[in-house]
**Student:** 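I'd like to ask some things about the structure below.
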2 protein chains.
Amino acid sequence: MQNNKTITQVEVPEVVVQRLPIYVRILSQLLESHIEIISSHQLGELLQITPAQIRKDLSYFGRFGKQGRGYNIQFLLDELRQILGIDRAWKACLIGLGRLGRAIINYPGFSPEGFEIVAAFDNNVAQYNSNLGTITVQSMDEIAHTVKEKNISIGIVAVPSNQAQSVIDTLVESGITGILNYAPIAPFAPKHIVMRNIDPVLSLQSMTFYMKENDEIN
Amino acid sequence: MQNNKTITQVEVPEVVVQRLPIYVRILSQLLESHIEIISSHQLGELLQITPAQIRKDLSYFGRFGKQGRGYNIQFLLDELRQILGIDRAWKACLIGLGRLGRAIINYPGFSPEGFEIVAAFDNNVAQYNSNLGTITVQSMDEIAHTVKEKNISIGIVAVPSNQAQSVIDTLVESGITGILNYAPIAPFAPKHIVMRNIDPVLSLQSMTFYMKENDEIN
DNA sequence: GGTTGTGAATACATTCACAGCA
DNA sequence: TGCTGTGAATGTATTCACAACC
């Protein structure tokens with residue numbers, strides 16, 4: 001009786017969920033190289049992760065391997081894609097079309113993975129209707145309306161930091177459930193919103209902690 | 001005798017180091033708002049982190065607060081900056097001047113935090129010596145030479161994924177100790193290299209795991 | 001022989017709770 | 001009284017190690 005969780009099995013740790021996309025990526029590459037089977041040991045070698053961790057991670061979701069042989073890559077990939085919900089397309093909108101926003105909207109890596117930017121917003125009229133392929137830039141007033149109309153579920157925030165929190169609030173009200181935030185702030189959102197932050201400065205600042213000793217030689 | 005670690009005190013957990021830059025950022029903002037003192041409870045409120053965690057994190061490095069009052073923001077900031085090694089300038093170079101690379105080199109957020117991009121490399125001759133302020137674009141052959149000459153310690157990788165690992169190898173050989181990798185690969189580097197990856201697709205793919213249930217209503 | 005899947009053991013991280021101080 | 005700093009307790013994540021199986 002120590003377990004007060006509901007019958008919904010063991011909760012999957014968040015770190016595990018964050019590793020699954022890494023597995024998906026390497027498995028896709030292997031498949032392209034016409035490799036069909038791989039062991040947890042080989043995978044671990046490629047990813048610098050212990051084989052035990054890979055097996056344990058996968059075991060939260062099912063039994064995908066064969067003893068003595070390893071994992072069938074195509075099968076495991078299909079399963080992982082379904083688990084992650086990336087076996088289908090997701091509609092996203094982009095807010096902010098400064099240099100960063102334009103780099104994001106032109107980034108060719110999203111759509112092959114099923115993330116489609118179907119709307120873009122900016123309050124700077126000078127940016128409207130510039131050359132962005134099929135997408136028409138709209139005023140930020142229209143976020144709520146367009147998000148609902150087009151049934152968009154992900155918002156990508158690329159506005160200056162002083163506007164970011166209010167954009168996030170708007171997105172939340174509009175019914176979006178996932179936010180990819182590029183603004184260098186500590187964003188606030190209700191618990192049901194899934195937030196991910198992209199913040200190179202924070203990455204650099206935690207990097208130098210480990211670099212400063214080595215450097216004292218110079 | 002259970003402790004086989006060296007006398008070098010308790011190892012600081014990596015997660016703690018990654019939170020310190022977040023503290024630095026919010027403390028800087030508070031200081032700009034002319035706030036001088038803050039308690040762990042107030043900080044936790046702003047960052048959605050428990051006060052106990054903040055106090056524990058800080059306690060790895062010293063005793064920065066005053067009982068009954070809280071933390072002096074300016075003092076704590078100075079200490080944290082020194083701990084992280086961001087109380088001085090760091091020289092970085094950028095490799096890859098495609099759309100992403102150009103967005104990075106024009107990003108105004110690095111230099112105020114002391115990260116200065118002092119060299120840029122690309123093998124596409126068409127990109128050389130375009131309008132990039134004081135920086136002259138060099139061929140990638142020159143990475144090793146320039147890194148040593150200018151005493152650069154951080155490499156920012158923004159080349160296509162098929163070139164990324166070889167660029168990383170070159171940077172490592174050149175004596176760089178920190179790498180910020182924007183290429184969507186699982187990079188390999190020796191253990192003494194500090195690597196950080198910026199990978200929005202992985203972020204999105206771990207996001208949808210938590211979004212897919214909610215969405216079944218639609 | 002080789003490899004998975006998984007309980008048990010260990011290691012790590014967070015939170016509690018309170019003594020000690022301003 | 002209010003808040004820090006920190007051991008102890010709890011909660012999470014990783015690794016071990018081996019039975020089960022191909």
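Chain letters run A, B, ... following the sequence lines, proteins first and then strands; every chain starts at 1.
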**Student:** Take the protein atom CG of B/Leu58 and the nucleotide atom C1' of D/dC3, then report the distance between them rounded to whole Å.
**Tutor:** 13 Å
**Student:** Of all residues at least two apart in sequence or in a different chain, which pass the side chain to side chain donor-acceptor pair (under 3.5 Å) check with B/Glu113?
**Tutor:** A/Gln205
**Student:** Using modelled atom types only, decide if a donor and an acceptor are shared between the side chain of B/Lys150 and the backbone of B/Val118 within a distance under 3.5 Å.
**Tutor:** yes
**Student:** Measure the distance from CD1 on A/Ile54 to P on D/dA13 and round it to the nearest whole Å.
**Tutor:** 18 Å
**Student:** For residues 49-65 of chain B, which residue pairs pass the salt bridge (Lys or Arg N to Asp or Glu O under 4.0 Å) check, not counting sequence neighbours?
**Tutor:** B/Arg19-B/Asp57
**Student:** Which residues within residues 17-38 of chain A lie with some heavy atom under 4.0 Å of an atom in DNA chain C?
**Tutor:** none
**Student:** List for me each residue that meets side chain to side chain donor-acceptor pair (under 3.5 Å) alongside B/Asp169, sequence neighbours excluded, and say none if there are none.
**Tutor:** B/Gln165
**Student:** Between side-chain atoms of residues 68-85 of chain A and protein atoms elsewhere (two or more places apart, or another chain), which donor-acceptor pairs fall under 3.5 Å?
**Tutor:**
| residue | atom | partner | partner atom | Å |
| --- | --- | --- | --- | --- |
| A/Asn72 | OD1 | A/Gln74 | N | 3.1 |
| A/Asn72 | OD1 | A/Phe75 | N | 2.9 |
| A/Gln74 | NE2 | A/Asp78 | OD1 | 3.1 |
| A/Arg81 | NH2 | A/Ser28 | OG | 3.2 |

**Student:** Has B/Gln163 got a side-chain atom pairing as donor or acceptor with B/Pro160's backbone, closer than 3.5 angstrom?
**Tutor:** no
**Student:** Measure from CG on B/Asp57 to C1' on C/dC12 and round the result to the nearest Å.
**Tutor:** 14 Å
**Student:** Would you be so kind as to tabulate the donor-acceptor pairs closer than 3.5 Å made by side chains of residues 178-188 of chain A, with sequence neighbours excluded?
**Tutor:**
| residue | atom | partner | partner atom | Å |
| --- | --- | --- | --- | --- |
| A/Asn181 | OD1 | A/Ala183 | N | 2.9 |
| A/Asn181 | ND2 | A/Ala183 | O | 3.1 |
| A/Asn181 | ND2 | A/Asn197 | OD1 | 2.9 |

**Student:** Measure CD/B/Glu11 against P/C/dA13 and give the value in whole Å, please.
**Tutor:** 10 Å
**Student:** Expressed in angstrom and rounded to an integer, what is the separation of A/Leu43 atom CG from C/dG5 atom P?
**Tutor:** 12 Å
**Student:** Between B/Arg55 (CZ) and C/dG20 (P), how many Å, whole number?
**Tutor:** 16 Å
**Student:** Could you list by number each residue of residues 64-86 of chain A showing a heavy-atom separation from DNA chain C of less than 4.0 Å, or answer none if no residue does?
**Tutor:** A/Phe64, A/Gly65, A/Lys66, A/Gln67, A/Gly68, A/Arg69, A/Gly70, A/Tyr71
**Student:** Report yes if a donor N or O on one partner sits less than 3.5 Å from an acceptor N or O on the other, where the partners are the side chain of B/Arg63 and the base of D/dG5; otherwise report no.
**Tutor:** no
**Student:** With sequence neighbours left out, write down each residue that passes salt bridge (charged side-chain N to carboxylate O under 4.0 Å, His left out) with A/Glu116, or none if nothing qualifies.
**Tutor:** none
**Student:** What is the distance, rounded to the nearest whole Å, between atom CZ of B/Phe61 and atom C1' of D/dG5?
**Tutor:** 15 Å
**Student:** Any protein N or O atoms within reach of nucleotides 7-10 of chain D? Criterion: under 3.5 Å, listing atom names and distances.
**Tutor:**
| residue | atom | partner | partner atom | Å |
| --- | --- | --- | --- | --- |
| D/dG7 | N7 | B/Lys56 | NZ | 3.3 |

**Student:** What parts of residues 44-53 of chain A reach DNA chain D, counting only heavy atoms under 4.0 Å away?
**Tutor:** A/Thr50, A/Ala52, A/Gln53
**Student:** Between C/dT3 and A/Ser40, is there an OP1 or OP2 to side-chain N/O distance shorter than 4.0 Å?
**Tutor:** no
**Student:** I'd like to know if B/Lys91 pairs up with B/Glu149 as an ion pair, taking the criterion as any Lys NZ or Arg NE/NH1/NH2 lying under 4.0 Å from an Asp or Glu carboxylate oxygen.
**Tutor:** no
**Student:** Under the ring pair (Phe, Tyr, Trp, His ring centres under 6.0 Å) rule, what pairs show up with a residue in residues 91-113 of chain B, not counting sequence neighbours?
**Tutor:** B/Tyr107-B/Phe110
**Student:** Please name the pair of heavy atoms, one in A/Gly101 and one in A/Leu94, separated by the smallest distance, quoted to 0.1 Å.
**Tutor:** O-CD2, 3.3 Å
**Student:** Give, for atom CG of B/Leu43 and atom OG1 of B/Thr50, the distance between the pair rounded to the nearest 0.5 Å.
**Tutor:** 11.5 Å
**Student:** Run the side chain to side chain contact (heavy atoms under 4.5 Å, CB included) test against A/Pro190 and tell me which residues pass, sequence neighbours left out.
**Tutor:** A/Val172, A/His192, A/Ile193
**Student:** Please check this pair: side chain of A/Ser206 against backbone of A/Ser203, looking for a donor-acceptor N/O pair closer than 3.5 Å.
**Tutor:** yes
**Student:** What integer distance in Å separates B/Glu14:CD from C/dT14:C1'?
**Tutor:** 17 Å
